[in-house]
Amino acid sequence: MVTLAYGIFGLCFLVFFSIANAKYYHSQLKYFNVKDYGAVADDKRDNSEAFLRAWYDGCRWGGRSVIYIPYGTYKLSEVSFEGPCNDMMIFVIKGVLKAPTHISLFSTNTWIGFRYIDRLVVKGGGYLDGQGAVAWPYNDCSINPKCMPLPVTMRFDFVTNSRIHHLRSINSKNSHINLFACENVNISFVRLTAPDESPNTDGIHIGLSTNIKISRTVIQTGDDCIAMVTGSKDIDISNVTCGPGHGISIGSLGRTLGEVVTAINVRNCTFIGSQNGARIKTWAPSLSSVASNIFFGDIYMENVHNPILIDQQYCPTPSCSDQLGQDNSKVQISNVTFSNIWGTSSSKVAVTLKCSKLVPCKNVQLDNINLKYHGRGGPATSSCLNVIGDSYGRQSPPSCL
Ligand SMILES: *[C@@H]1O[C@H](CO)[C@@H](O)[C@H](O)[C@H]1NC(C)=O
Ligand SMILES: *[C@@H]1O[C@H](CO)[C@@H](O)[C@H](O)[C@H]1NC(C)=O
Ligand SMILES: *[C@@H]1O[C@H](CO)[C@@H](O)[C@H](O)[C@H]1NC(C)=O
Ligand SMILES: *[C@@H]1O[C@H](CO)[C@@H](O)[C@H](O)[C@H]1NC(C)=O
């Protein structure tokens, strides 16, 4: 009787185990090498069809899929990798992907898109070469309202629980990486490079996304290293080196009604020769919106033009210069802390807090600031307008709060 019981138990155990095993087997990794789909690394032929077919099979397979791009240089025209997929997708880029040069070869504003995917990993140490130089002269959006935005190198739309790491992007035509409607995405060990003078080449542009972490990343580009626009919430940025570039920026906000950016944490970052460091900017004029609970701390600045900057009169184009000084932003900025920020400013006014007369900035804290200016007419100064807040700890330049 006891033996029989053990026998039945054993049998059940075996059956259970083989079912579990079968399931385990299906969640094993399966490789989808783009070369098996006809990709050729000859730097000539377009590989978009091969890449898309590899993605299609990987996405539909029952287990975790590795879309594998081996070493070599692959020409790639615009592609959109779409989900939902059955399981985790791991996109491994070992080689170099090269974008078409001319914008007439694009029908959308994206070079490489990932959309509607849960559990995506993009990694591999490879390069994305946006070949921006030919396209940059076509970036005329500041003067031509009907302009076509240039394609973003890598766009993530509706991507959740995902990681992007060990990746390089050079000479993007527009932003290097764009996150829209993403949640729980970690970006680390990424290097984004474009010339100082390249237009609109944001490093990482974030909108309508929550719980995003960016760390151990080096960004040298022509526009913002990181830009957070409306709907950016719970963003953690650490160990980022920025410069050249326009800084780690919140905004521009207030172009549409009810924009919100909140819970932003920027720590342990370094800015070298960038135009701005820690920046919040809102359009002037602008509509009612909110930027709150923003922390910039433990930051080293080297030769940064505007190390600490709140600018509620942001209006870079000539068309709005006549409105400058009207001081009519309706974006409420509150609970902003700049803590432990040291180094050098390349302009005399190292700290600028230029808030709106309509909705003055509330609860702005300056804690332990040590910024030097070694140029003519020094030492460094700070400048405040319509701002309510406190300063404590060391204050060099003397606080204007
Ligand atoms: C992102 O990093 C955080 C903290 O290290 C971790 O808790 C979270 O699970 C990570 N998310 C993903 C998708 O890997
Ligand atoms: C900042 O750097 C310090 C030491 O270098 C480290 O202990 C800490 O965890 C870092 N913080 C973040 C948020 O990366
Ligand atoms: C940032 O760098 C410090 C020092 O290398 C390290 O201790 C910390 O864990 C890093 N933070 C992240 C989030 O990678
Ligand atoms: C600012 O901080 C205070 C105190 O922590 C908090 O009560 C308030 O809700 C915050 N404001 C916003 C807009 O989050």
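Order of appearance sets the numbers: ligands from 1, and atoms from 1 within every ligand.
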Would you indicate which of Ile214, Asp298, Asn239 comes nearest to atom 11 (N) of ligand 3 when only heavy atoms are counted?
-> Asn239
Any Lys/Arg nitrogen of Asp87 or Arg119 sitting under 4.0 Å from an Asp/Glu carboxylate oxygen of the other?
-> yes
Taking atom CD1 of Ile250 and atom CD1 of Ile206, what is their separation to the nearest 0.5 Å?
-> 10.0 Å
Just by distance, with hydrogens left out, do His205 and Ser175 show a side-chain donor and acceptor under 3.5 Å apart?
-> no
Just do the ring-ring contact (aromatic ring centres under 6.0 Å, His included) check on His165 and Phe189 with the steps written out, would you?
-> CA-CA 5 Å; His165 62 98; Phe189 300 100; 7.7 Å; no
Identify, by atom number and element, the atoms of ligand 3 in contact range of Arg216, meaning under 4.0 Å from any of its heavy atoms.
-> 6 (C), 8 (C), 9 (O), 10 (C), 12 (C), 14 (O)
Minimum-distance pair of heavy atoms, taken over all atoms of Phe271 and Ala278 = CZ-N, 4.4 Å
Atom indices of ligand 2 within 4.0 angstrom of Ser238 heavy atoms, with elements | 13 (C), 14 (O)
Which atoms of ligand 2 sit under 4.0 Å from any heavy atom of Arg267?
-> 13 (C)
State whether any protein heavy atom lies less than 4.0 Å from atom 4 (C) of ligand 2.
-> no
Once you find the SG atom in Cys242 and the one in Cys225, is the distance between them below 2.5 Å?
-> yes
Do any nitrogen or oxygen atoms of Asn186 lie less than 3.5 angstrom from nitrogen or oxygen atoms of ligand 1?
-> yes
So which of Ile212, Thr160, Leu120, Asn161 gets nearest to atom 13 (C) of ligand 1, if we judge by its closest heavy atom?
-> Asn161
Could you tell me which atoms of ligand 2, counted from 1 in the order shown, lie closer than 4.0 angstrom to a heavy atom of Asn268?
-> 1 (C), 2 (O), 3 (C), 8 (C), 10 (C), 11 (N), 12 (C), 14 (O)
Is atom 9 (O) of ligand 2 less than 4.0 angstrom from some protein heavy atom?
-> no
Give a yes or no answer on whether the side chain of Arg155 reaches the backbone of Thr110 with a donor-acceptor pair at less than 3.5 Å.
-> no
